[in-house]
Asker: 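The structure's right below; bear with me while I get my questions together.
Bear in mind the structure is a predicted one, so any value in this text is a computation, not a measurement. Residue indices begin at 1 and follow the sequence shown. Whatever order the structure lists them in is the order used to number ligands and atoms, beginning at 1.
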Amino acid sequence: MKKNQHTMQDPTTQYPVMDIPRQSQAEPGLDAELHPKADHGQHSYEGTERLKGRRALITGADSGIGRAVAIAFAREGADVMLNYLPEEAEDAEQTIRICQESGGKVVSCAGDISSEQFCQELVGRTKDELGGVDIIVNNAGKQVYVESIEDLSTEQLEKTFKTNIFSMFWIVKAALPHLPKGASIINTASIQAYQPSPGLLDYASTKAAIVAFTHGFAKQVASRGIRVNAVAPGPVWTPLQPSHGQPQEKLQKFGQDTPLGRAGQPAEVAPVFVFLASQESSYITGEVIGVTGGNHLP
Ligand code: NAD
Ligand code: MG
C-alpha cells in the first residue's frame, strides 16, 4: 500500500538514522548535491483541498523545508509564488516542475531578500501574477557556523540579520495593504531561538528575534483578521546544514541526539505549515509550533 502523510508508522523508523558522509558545499547549498537525499513529500504528500484557491508566497522555496511546503501547498490547491536565490536555479526548476503537476498556478521570482527593494518587488510580483496574496511563508534563512565570536565578521552578522529577520519586516510591510481578512503569515524560527548552539550566535539571535516578532506582530494585526505564527524546527536534513551550517563532526550524527533518535525530513515539517495556513487553525495566532523530534521548546 502506498504510504502518505496519514499512514500510521513508528516515527523512530519512519526515516533511517543517517550517518552522514563527509561533505561540504558552498553557501547556499544545493539539494541536487545532498547525500543522502532529503524527502520533500514528493512521493507521499496527498492534498485534500485544504488551501483551495489561496495564493501563497514562499521564500527559499527551491530546497529543503521551503520545497516541501511548496509541494504540500500546491497539492492542497494553492497557487504559489516561489522565491529562491539565482544560484539555486537548478533546485528551483525541480520544485517548480513538481508543483506544476498539481495543476495550480506556479510562478517564481529569483532574488535576494536581504535587500528591502527586492522584498517589495517580490510582494508586488506575487500580487500581480497570482492576483493577490493570502499566505506568506517567510522561510528563507542563512546559517553559517562560526566557532568564536572573534571570527564572526560584521559582514556575516549583517547578512544573517538582513536575510533572516529584516526581510520579514520588509515583506510583511509591503504585503499588509493587500492582505485580506483570513490571511495567514507563517515565519520559520528554530529550536535555536530557545537552545542556542555556541557556534551559531548570529543565527540563533535572529531566530529569537523571529519569535518575538511573531508574538508581537500577531497582536498588532489580530483585529485586522490576520494571523501570524511560527514553526520552529529542530534538526532537519536540508542543504543548509552541509553548506557551513554545521561543523563536520556535528554533521556526521546530525539529529541523532533527539529523543526520536534521528534527523527530521522536510516532508515532516510541511504539514504544520499547511495547518497554520488553513482555516483549521483559526483560533491560533502568535504561536510557535516546534517540530523538533522531542527536544521540545521551553
Ligand atoms: P535550505 O538551504 O534548503 O533553505 C534555505 C533557503 O533560504 C535556501 O534555499 C535559499 O533559497 C534561501 N535563502 C538564503 N539566503 C537568501 C537570500 N538572501 N535571499 C533569498 N533566499 C535566500 O535549508 P532549510 O533548512 O530548508 O531552511 C529553511 C528554513 O528553516 C530557514 O529559515 C532555516 O533557518 C530554518 N530551519 C532549518 C532547520 C534545519 O535543521 N534544517 C532547523 C531550524 C530552522
Ligand atoms: Mg536552496
Asker: With backbone taken as N, CA, C and O and side chain as the heavy atoms from C-beta onward, which portion of Gln241 lies under 4.0 Å from ligand 1: side chain, backbone, both, or neither?
Answerer: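 For Gln241, the contact with ligand 1 is made by the side chain alone.
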Asker: If you define the side chain from C-beta out and look only at heavy atoms, does anything of Thr292 sit under 4.5 Å from Leu260?
Answerer: no
Asker: With a 4.0 Å heavy-atom cut-off (strictly under), which part of Asn83 contacts ligand 1: side chain, backbone, both or neither?
Answerer: side chain
Asker: Please check whether Phe254 reaches ligand 1 - meaning an N/O of the residue sits under 3.5 Å from an N/O of the ligand, judged on distance alone.
Answerer: no
Asker: Please report whether ligand 1 has a polar contact with Asn139, defined as an N or O pair separated by less than 3.5 Å (distance criterion only).
Answerer: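 Yes, since at least one N or O of Asn139 sits under 3.5 Å from an N or O of ligand 1.
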Asker: Could you check which N/O/S atom of Glu88 is closest to the Mg ion (ligand 2)?
Answerer: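 Going through the N, O and S atoms of Glu88 one by one, OE2 ends up nearest to the Mg ion (ligand 2).
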Asker: Does Asp91 bring an N, O or S atom to under 2.8 Å of the Mg ion (ligand 2)?
Answerer: no
Asker: What do you reckon, does Lys207 have a nitrogen or oxygen under 3.5 Å from a nitrogen or oxygen of ligand 1?
Answerer: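 Yes, there is a polar N/O contact under 3.5 Å.
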Asker: Does Asp62 bring an N, O or S atom to under 2.8 Å of the Mg ion (ligand 2)?
Answerer: yes
Asker: Would Tyr84 count as a polar contact of ligand 1, with the cut-off being nitrogen or oxygen pairs under 3.5 Å?
Answerer: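 No, there is no polar N/O contact under 3.5 Å.
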Asker: Does any N/O atom on Ile113 come nearer than 3.5 Å to any N/O atom on ligand 1?
Answerer: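 Yes.
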Asker: Any N/O/S of Ser63 under 2.8 Å from the Mg ion (ligand 2)?
Answerer: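 Ser63 does place an N, O or S atom closer than 2.8 Å to the Mg ion (ligand 2).
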